[in-house]
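All remarks here apply to the structure that follows.
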Amino acid sequence: MSEQDVISLHNVTVTFDRQMVLDQVNFSLGIGEFCYVIGKTGAGKSSFLKLLYRDIKPDKGIVKVADYDVSTLPDKKVPYLRRRIGIVFQDFQLLPDRNVYDNVAFALRVTGQKKRFIKQRVLEVLGLVGLSHKRKAMPNDLSGGEQQRVVIARALANEPRLLLADEPTGNLDPEASSSIMELLQQINNRGMAVLMVTHDYDVVRKFPNRTVQIKEGSLNDIKVV
Amino acid sequence: MSLGYMLKEGFAGLKRARLAAFTSIFSLFVAVLLIGVLTRVGFNAYEVSQMLKQQVEVEVFLENVDEQTTNELQQRIGEEPIVAEMNYISRDSASKVFREEFGMGGEALADLNFLPASFRVLVSDEASVAQVDSLVQVINDYRGVDEVRFNLALLELLERRTEQLVLIGAAIGLFILFVAIILVFNTIRLTIYAKRDLIRAMKLVGATNGFIRRPFLLEGVVQGVIAGGLAAGLVYLLFDWIVPIYFTQIGVLSWPFGEWYYLIGGIVLLAIIMGWWGSRWAARKFIRETTVYTQ
């Protein structure tokens with residue numbers, strides 16, 4: 001892994017549910033890079049992300065993410081890896097019994113941050129995603145796009161070096177989807193690496209970035225036209 | 001981890017999943033209440049059987065022996081380890097007792113002065129029937145002893161009943177404890193399962209398993225305190241107020257180890273341990289098995 005990479009895979013083989021997901025794959029993502037991961041349903045896109053946030057382990061090879069060697073990382077250390085990466089899912093995963101502020105603050109509380117810092121940082125990230133005015137709203141009172149913004153704010157709270165997004169626009173209408181993509185692009189412009197799984201080619205075409213395709217266990221850079 | 005956060009989350013957990021928390025508390029309450037009642041009843045039954053056993057006397061009738069032999073016998077019998085207490089009944093005293101027990105009809109017979117002197121021996125309530133039987137054999141062989149009598153059948157019956165009582169009580173107690181543990185653990189597991197989204201979100205943002213677990217442990221302890229407090233209160237009310245009204249003789253029976261607070265404290269402690277342990281077991285397993293990904 002070069003010092004310029006936030007993700008590096010070297011000869012990595014992964015099987016999940018008895019299916020070959022990656023077969024001797026090499027891949028790297030540099031600091032501040034934006035990359036889409038595309039592929040057919042069941043090709044292993046989500047499993048690839050699971051490997052990066054260590055929900056699954058590789059069978060072979062070396063996986064390094066944000067300076068952690070994921071292939072040998074003991075279970076106890078996994079939470080520390082996850083504090084260095086922001087994770088965004090399609091289904092939001094917000095806590096419905098807490099308001100927007102508490103949903104974001106939660107990410108900092110679990111890492112033992114001080115109250116004053118939490119307040120300052122939550123307001124900062126809510127400002128970044130344009131939701132300062134909705135900090136007291138409950139998740140169910142927000143639109144899908146707004147909920148996804150809260151999730152992104154929560155993912156950014158710990159100032160990660162890498163954002164992993166699994167179909168972040170999958171549950172959104174085209175307008176909300178564009179607005180989320182603009183936000184992700186803006187975050188990337190601030191220097192954070194983004195690895196986004198999607199099957200929406202329109203998004204890939206509209207917001208062009210490096211694109212890799214997972215197909216039959218291999219991961220290759222492709223050009224989307 | 002901030003203590004404030006743990007306390008806030010622990011207590012908030014009770015409010016957020018009220019039905020699950022109520023079910024956990026109720027199952028803990030029933031479990032420790034049953035164990036508490038069984039302990040008290042079992043202890044009192046054992047106490048009664050020991051009292052009855054202690055009342056079984058060994059009567060040692062003496063031959064017509066002089067005072068020195070009587071004193072020697074008294075000393076030798078008194079030195080036997082299972083002898084708790086002994087009284088000497090002289091020939092005169094025996095006549096007096098006879099007169100008292102048989103009234104007018106006994107007067108004429110008492111004049112014959114045929115009643116022998118004896119020792120009334122009370123054995124320790126810890127002594128087994130076999131030990132008492134062997135004591136009887138030993139005393140029987142002493143020079144100057146005419147006959148030794150004791151109610152072997154009654155003592156054997158008491159010992160058998162006590163053994164059965166202890167065995168049945170222990171079996172019921174263990175069964176209740178086993179069922180209660182299974183019930184409480186599974187209820188707590190359901191409580192934790194109801195919070196799987198919270199656990200998943202915590203894992204997603206990098207909370208350690210210990211951090212996720214602690215509010216659940218606190219919640220388990222709080223549930224234990226509530227359930228134990230209620231059960232202890234009810235047991236106290238039951239045995240100190242309600243039952244003595246209907247069965248006055250129960251009032252005479254004591255709490256285990258002489259004071260009410262040992263059993264009451266034990267009930268609360270047991271509920272807290274079960275709540276804590278149940279939460280720990282369920283939370284550990286569930287947190288370890290929960291993955292971040294849901295789709």
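- For A:R82 (side chain) and B:L204 (main-chain N/O), no donor-acceptor pair under 3.5 Å exists by modelled atom type.
- A:L95 touches chain B through its side chain: at least one heavy atom from C-beta onward sits under 4.5 Å away, while N, CA, C and O do not.
- Within 6.0 Å of atom CD in A:Q19, 12 or fewer heavy atoms from other residues, nucleotides or ligands are found, so the atom counts as exposed in its surroundings.
- Counting only heavy atoms from C-beta outward, the side chains of A:D55 and B:K203 never approach each other to under 4.5 Å.
- Going from atom CG of A:D97 over to atom NZ of B:K195 covers 9.5 Å, rounded to the nearest 0.5 Å.
- Interface summary for chain A: among B:A207, B:A201, B:G206, the most heavy-atom pairs under 4.5 angstrom belong to B:G206.
- The neighbour count for A:E216 CD, taken as heavy atoms of other residues, nucleotides or ligands under 6.0 Å away, does not exceed 12.
- Heavy-atom distances place no part of A:R84 under 4.5 Å from chain B, backbone and side chain included.
- Environment of CH2 in B:W277: sparse, with no more than 12 heavy atoms of neighbouring residues, nucleotides or ligands closer than 6.0 Å.
- At a threshold of 4.5 Å between non-hydrogen side-chain atoms, the residues B:T208 and A:Y80 count as touching.
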TODO: Tell me, with the steps shown, if A:R83 and B:V205 meet side chain to side chain contact (heavy atoms under 4.5 Å, CB included).
DONE: CA-CA 6 Å; A:R83 289 175 197 181; B:V205 295; over 6 Å; no
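- More than 12 non-hydrogen atoms from other residues, nucleotides or ligands lie less than 6.0 angstrom from CZ of B:F43.
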Distance-only donor-acceptor hits, side chain of residues 221-231 of chain B, under 3.5 Å, sequence neighbours excluded:
none

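- Scanning residues 100-109 of chain A against chain B with a 4.5 Å heavy-atom cutoff picks out A:F106, A:A107, A:R109, ordered by number.
- Counting non-hydrogen atoms of other residues, nucleotides and ligands closer than 6.0 Å to CZ of B:F22 gives a total of 12 or fewer.
- In this structure, A:F117 places its CZ atom where more than 12 heavy-atom neighbours from other residues, nucleotides or ligands lie under 6.0 Å away.
- Few gaps surround CZ on A:F207; more than 12 heavy atoms of other groups in view lie less than 6.0 Å from it.
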